[in-house]
Amino acid sequence: MSSRLIGVGVGPGDPELVTVKGVNALRAADVVVVPVMDTGERGRAEATVLHYVPAEKVVRVVFALNERTDRERREAAWDAAGERVAGMLRERGSVAFATIGDPNVYSTFTYLAQTVGELVPGVVVETVPGITAMQDLAARSGAVLTEGTEPLTLVPVTAGSAVLKEALAGPGTVVAYKFGRQAGAVAEVLRETGRLEDAVWGSALGLPEESVRSAAQMDGTPLPYLSTLIAPPRRAGGRGGKL
């Protein structure tokens, strides 16, 4: 019988936003792996998982989650994590990997699955979709992500604000992930493209320290790393004007 690796999206942090299918997958797995940074503090995925499965079933595996400059260190962490999860699969048969958001959207699970696939021939890799931060922020702020024929563009700002500026020059709503450290540059780009007043940002969604505010309130002070931004287009023509 083939071993199974299941990437389970557990949403942006609010335990109530884990899907029924996600909870069932976590509980059915022999072991649930949660990613942690090498500093050891509990991450959002782990905190969410512990609402649904007992702590003795959860295994913490270190990833260089925020490492972007030292490629050798980052890949060494991926290799070590892959080796450890591969060992669990050989012993247990079914491993769920919990990831914030969705396992197919900017997720560490992608790299883990590639590594494990090479180490465990025949392993079955599955994913359970999760609610994303942009969906949660839209719900909490009242922002409408798309109407009619509008496109939706999602960009990470980890490589700089230029990619965001290029996206904002186009049509439709633009969502930016991981922009907190460049909040000042992001605010300036929003101002230059005429999108500042209608944009909204949020962090720690669904958690006690949640913050949801207008982008016009950004003063250049760095924000939490996992902050999310929604910049909708100007909509004219009334109801159905974008059809």
Please give me the minimum heavy-atom distance between [X] and [Y], naming the atom from each residue.
{"X": "A199", "Y": "P232", "answer": "CA-CD, 4.1 Å"}
{"X": "L207", "Y": "G13", "answer": "CD2-O, 3.4 Å"}
{"X": "A98", "Y": "P35", "answer": "O-CD, 3.2 Å"}
{"X": "R213", "Y": "V200", "answer": "O-CG2, 3.0 Å"}
{"X": "P15", "Y": "T48", "answer": "CA-CG2, 4.1 Å"}
{"X": "S161", "Y": "A185", "answer": "OG-CB, 3.8 Å"}

Checklist entry - After noting the C-alpha distance and the side-chain angles of V34 and R42, does the key distance pass the side chain to side chain contact (heavy atoms under 4.5 Å, CB included) rule? => result CA-CA 9 Å; V34 293; R42 178 180 291 176; over 6 Å; no
Atom [atom1] of [X] with >12 non-hydrogen neighbours under 6.0 angstrom:
{"X": "E209", "atom1": "CD", "value": "yes"}
{"X": "Y106", "atom1": "OH", "value": "yes"}
{"X": "K165", "atom1": "NZ", "value": "no"}
{"X": "E192", "atom1": "CD", "value": "yes"}

Distance-only, no hydrogens or angles: does the [X] side chain make a donor-acceptor pair with backbone N or O of [Y] under 3.5 Å?
{"X": "R27", "Y": "Y52", "answer": "yes"}
{"X": "Q182", "Y": "V157", "answer": "yes"}
{"X": "R4", "Y": "V124", "answer": "no"}
{"X": "E210", "Y": "G206", "answer": "yes"}
{"X": "K21", "Y": "V8", "answer": "no"}
{"X": "S227", "Y": "L223", "answer": "no"}

Starting at [atom1] of [X], measure out to [atom2] of [Y] and round the result to the nearest 0.5 Å.
{"X": "I230", "Y": "L137", "atom1": "CD1", "atom2": "CG", "answer": "4.0 Å"}
{"X": "H51", "Y": "E46", "atom1": "NE2", "atom2": "CD", "answer": "11.0 Å"}
{"X": "E91", "Y": "M88", "atom1": "CD", "atom2": "CE", "answer": "8.5 Å"}
{"X": "Q217", "Y": "S211", "atom1": "CD", "atom2": "OG", "answer": "8.5 Å"}
{"X": "T173", "Y": "R195", "atom1": "OG1", "atom2": "CZ", "answer": "7.0 Å"}
{"X": "R181", "Y": "Y225", "atom1": "CZ", "atom2": "OH", "answer": "6.0 Å"}

Consider only side-chain heavy atoms of I, L, V, M, F, W and Y, link residues closer than 4.5 Å, and tell whether [X] and [Y] are in one cluster.
{"X": "L112", "Y": "V95", "result": "yes"}
{"X": "L229", "Y": "V155", "result": "yes"}
{"X": "V23", "Y": "L5", "result": "no"}
{"X": "V59", "Y": "V10", "result": "no"}
{"X": "L196", "Y": "V175", "result": "no"}

Next on the checklist: For a side chain to side chain contact (heavy atoms under 4.5 Å, CB included) check, start with the C-alpha distance between Y111 and E75, then their side-chain angles and the critical distance, and finish with the verdict.
Outcome noted: CA-CA 9 Å; Y111 314 123; E75 294 196 354; over 6 Å; no
May I ask you to test the [X]-[Y] pair for a side-chain heavy-atom distance under 4.5 Å?
{"X": "V49", "Y": "L26", "answer": "yes"}
{"X": "I100", "Y": "L226", "answer": "yes"}
{"X": "F109", "Y": "Q114", "answer": "no"}
{"X": "V123", "Y": "V125", "answer": "yes"}
{"X": "S3", "Y": "R90", "answer": "no"}
{"X": "P12", "Y": "L17", "answer": "yes"}

Checklist entry - When you look at T127 and N104, which way does the side-chain hydrogen bond (donor to acceptor under 3.5 Å, both in side chains) test go after all the steps? => result CA-CA 8 Å; T127 58; N104 293 307; 3.2 Å; yes
Going by atom types alone, do [X] and [Y] pair a side-chain donor with an acceptor below 3.5 Å?
{"X": "Q135", "Y": "T132", "value": "yes"}
{"X": "S107", "Y": "T99", "value": "yes"}
{"X": "S94", "Y": "R92", "value": "no"}

Checklist entry - Does the side chain to side chain contact (heavy atoms under 4.5 Å, CB included) test come out yes or no for T228 and K178, once each step is laid out? => result CA-CA 6 Å; T228 298; K178 304 177 182 179; over 6 Å; no
Next on the checklist: Please evaluate residues T115 and E83 with respect to the criterion side chain to side chain contact (heavy atoms under 4.5 Å, CB included), reporting the C-alpha separation (whole Å), side-chain torsions for both, the decisive distance (0.1 Å), and the verdict.
Outcome noted: CA-CA 8 Å; T115 305; E83 289 281 1; over 6 Å; no
Checklist entry - Is the closest basic N to carboxylate O distance between R140 and D14 below 4.0 Å? => result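 Here R140 pairs with D14 in a salt bridge, since their nearest N and O are under 4.0 Å apart.
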Next on the checklist: Quick check on side chain to side chain contact (heavy atoms under 4.5 Å, CB included): which of V163, L190, V186 does L168 satisfy it with?
Outcome noted: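 Of V163, L190, V186, side chain to side chain contact (heavy atoms under 4.5 Å, CB included) with L168 is met by L190 alone.
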Checklist entry - Using 30° and 60° as the class limits, which term best fits the ring planes of F63 and F97: parallel, tilted or perpendicular? => result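 Aromatic pair F63/F97 classed perpendicular.
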